[in-house]
Amino acid sequence: MKTENKNQFTVIHRILHWSVALLMSILFITGFLRMYWMSKKTIIDTVETEMQSHNISLEKGQIIPIVKSIQKPMWEWHEYAAYIMFLAFLVRIIYMLVKGIKFPNPLKKSQSVKERMQGFIYVIFYLFIAVSIVTGFYLKWVDGQWKEPMEAVHKWAIYWFPIFILLHFGGIVIGELTSKKGIVSKMIGG
């Protein structure tokens with residue numbers, strides 16, 4: 001990110017950066033678990049298989065409360081992290097506007113290709129976070145006709161988050177090897 005100030009990684013900037021990173025990791029992990037390893041289908045299949053091996057028979061309707069009780073603590077983490085993420089994202093945007101912190105304009109022809117790409121990635125990143133927040137809140141608070149498409153869009157985070165992480169780390173490596181030497185230590189220690 002570019003800024004007018006010499007010290008672009010203030011304590012507040014770093015706290016916001018690492019808070020968003022931690023919260024996104026929690027949201028990704030809990031979302032991934034809910035979609036795959038701890039999905040309703042996976043847990044139902046496991047419970048049914050285990051019950052059958054002990055000659056116990058339960059109908060799916062009896063298993064669903066078990067599934068929900070298994071998923072509940074993990075899903076509470078997802079929801080709490082989402083509320084905090086909303087606040088951290090909002091504060092980060094406000095902080096960037098107030099402090100004048102900018103990232104390269106991806107549409108500005110005079111920017112280098114590297115800077116345009118960096119700006120483009122930032123725009124997409126912030127857009128995806130906003131979309132994830134809106135769709136997640138819709139799924140939590142609205143039970144309307146748009147539930148299925150909102151859920152589909154919300155689940156895209158399982159794909160865009162790892163891609164962003166790889167691009168982010170790639171950008172860090174490029175920065176460290178070129179014009180932004182020491183960027184990692186500045187983001188950690190100021």
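It should be emphasised that the depicted structure is a prediction, and the values quoted were computed from it without experimental measurement.
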Asks: Could you tell me whether Lys155 and Glu151 have a side-chain N and a carboxylate O separated by less than 4.0 Å?
Replies: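 Result for this pair is yes, salt bridge flagged.
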Asks: Using atom types as modelled and distance alone, determine if a side-chain donor or acceptor of Arg14 lies under 3.5 Å from a backbone N or O of Phe9.
Replies: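 A pair under 3.5 Å: yes.
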Asks: Whether the side chain of His154 engages the backbone of Thr135 through a donor-acceptor N/O pair (distance < 3.5 Å, no angle test) should be reported.
Replies: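 Judged by distance alone, no pair lies under 3.5 Å.
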Asks: Indicate yes or no for a side-chain donor-acceptor contact from Glu79 to the backbone of Glu76 under 3.5 Å, with no hydrogens or angles considered.
Replies: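 Judged by distance alone, no pair lies under 3.5 Å.
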Asks: Provide the closest heavy-atom pair for Pro73 versus Ser69 in the form atom of the first, atom of the second, distance.
Replies: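 Reported closest heavy-atom pair: CD-O, 3.4 Å.
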Asks: Hey, would you say the Trp156 and Phe128 ring centroids sit under 6.0 Å apart?
Replies: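 Distance test on ring centres: not under 6.0 Å, no.
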Asks: Describe, in one word, how the ring planes of Tyr122 and Phe103 are oriented to each other, choosing from parallel (under 30°), tilted (30 to 60°) and perpendicular (over 60°).
Replies: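 Parallel.
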Asks: Would you say the rings of Phe169 and Phe164 are close, in the sense that their centroids are separated by under 6.0 Å?
Replies: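 Centroid distance Phe164-Phe169: not below 6.0 Å, so no.
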Asks: Please report the closest heavy-atom contact between Lys147 and Leu139, naming both atoms and the distance.
Replies: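 It is O-CD2, 3.6 Å.
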Asks: Quick one, Ile44 with Ile64, criterion side chain to side chain contact (heavy atoms under 4.5 Å, CB included). Give me CA distance, side-chain angles, the key distance, then yes/no.
Replies: CA-CA 7 Å; Ile44 288 172; Ile64 297 294; 3.5 Å; yes
Asks: About how many Å separate CD of Gln118 and CD1 of Ile174, when rounded to the nearest 0.5 Å?
Replies: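 Those atoms lie 10.0 Å apart.
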Asks: Please name the pair of heavy atoms, one in Leu27 and one in Ala81, separated by the smallest distance, quoted to 0.1 Å.
Replies: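 Residues Leu27 and Ala81, closest heavy atoms: CD2-CB, 3.8 Å.
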Asks: If hydrophobic clusters are built by linking Ile, Leu, Val, Met, Phe, Trp and Tyr wherever their side-chain heavy atoms come under 4.5 Å apart, do Trp77 and Leu23 end up in the same one?
Replies: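 No, Trp77 does not connect to Leu23 through the hydrophobic network.
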Asks: Under 3.5 Å, side chain of Ser19 to main-chain N/O of Ala88, donor-acceptor pair present?
Replies: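 Checking the backbone N and O of Ala88 against the side chain of Ser19, no donor-acceptor pair under 3.5 Å is found.
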Asks: Examine Met74 and Phe161 and state if one hydrophobic cluster contains both, with Ile, Leu, Val, Met, Phe, Trp and Tyr joined whenever side-chain heavy atoms are less than 4.5 Å apart.
Replies: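 Yes, one cluster joins them.
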Asks: What is the distance from atom CG of Asp45 to atom NZ of Lys40, rounded to the nearest 0.5 Å?
Replies: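 Here the interatomic distance stands at 12.5 Å.
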Asks: Report whether Ile93 and Val123 are members of the same hydrophobic cluster (ILVMFWY, side-chain heavy atoms less than 4.5 Å apart, transitive linking).
Replies: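 Result: yes, single cluster for both.
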Asks: Start with the C-alpha gap between Met24 and Ile129, add the side-chain angles, then the distance that decides, and say whether side chain to side chain contact (heavy atoms under 4.5 Å, CB included) holds.
Replies: CA-CA 9 Å; Met24 284 182 60; Ile129 288 179; 3.9 Å; yes
Asks: To the nearest 0.5 angstrom, please state how far the CE atom of Met38 sits from the OG1 atom of Thr46.
Replies: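 So the gap between those two atoms works out to 10.5 Å.
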Asks: Count the heavy atoms of every other residue, nucleotide or ligand shown that sit under 6.0 Å from CD1 of Ile66, and state whether that count exceeds 12.
Replies: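 Correct, the count exceeds 12.
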Asks: Check the pair Glu115, Phe120 against side chain to side chain contact (heavy atoms under 4.5 Å, CB included), reporting the backbone distance first and the verdict last.
Replies: CA-CA 8 Å; Glu115 288 175 320; Phe120 184 67; over 6 Å; no
Asks: CD of Glu48 to CG of Leu58: how many Å apart, nearest 0.5 Å?
Replies: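 Between Glu48 CD and Leu58 CG, I get 8.5 Å after rounding to 0.5 Å.
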Asks: Check Ala157 against Phe28 and note the closest heavy-atom contact, atom names and distance.
Replies: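 Here Ala157 and Phe28 meet closest at O-CD1, 4.2 Å.
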Asks: Indicate, with yes or no, if Met85 and Leu22 share a hydrophobic cluster defined by side-chain heavy-atom contacts under 4.5 Å among Ile, Leu, Val, Met, Phe, Trp and Tyr.
Replies: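 No, Leu22 and Met85 fall in different hydrophobic clusters.
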Asks: Hey, quick one: are Tyr159 and Leu33 part of the same hydrophobic cluster, counting side-chain heavy atoms closer than 4.5 Å, chains of contacts allowed?
Replies: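 Yes, Tyr159 and Leu33 fall within the same hydrophobic cluster.
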Asks: Take atom NZ in Lys114; do more than 12 heavy atoms of anything else shown fall under 6.0 Å from it?
Replies: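 Yes, enclosed.
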Asks: With rounding to the nearest 0.5 angstrom, report the CD1 to CD1 distance, Ile84 to Ile26.
Replies: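 Between atom CD1 of Ile84 and atom CD1 of Ile26 there are 7.5 Å.
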Asks: Classify the angle between the aromatic ring planes of His17 and His13 as parallel (below 30°), tilted (30 to 60°) or perpendicular (above 60°).
Replies: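 Parallel.
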Asks: Is a donor on one side and an acceptor on the other found under 3.5 Å between the side chain of His78 and the backbone of Thr30?
Replies: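 Judged by distance alone, no pair lies under 3.5 Å.
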Asks: Would you check, one step at a time, whether the test side chain to side chain contact (heavy atoms under 4.5 Å, CB included) holds for Phe89 with Val20?
Replies: CA-CA 7 Å; Phe89 181 68; Val20 168; 5.5 Å; no
Asks: With the side chain counted from C-beta on, respond yes when Trp37 and Thr42 share a heavy-atom pair under 4.5 Å apart, and no when they do not.
Replies: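 No, too far: nothing below the 4.5 Å cut-off.
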Asks: Counting neighbours of OH on Tyr80 that are heavy atoms of other residues, nucleotides or ligands and sit closer than 6.0 Å, is the number greater than 12?
Replies: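 It does not: Tyr80 OH has 12 such atoms or fewer within range.
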Asks: Rounded to the nearest 0.5 Å, what separation is found between the CG atom of Leu16 and the CD1 atom of Ile94?
Replies: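 Nearest 0.5 Å value for the CG-CD1 distance: 10.5 Å.
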Asks: Is it the case that more than 12 heavy atoms not belonging to Phe125 sit under 6.0 Å from its CZ atom?
Replies: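 Above 12, so yes.
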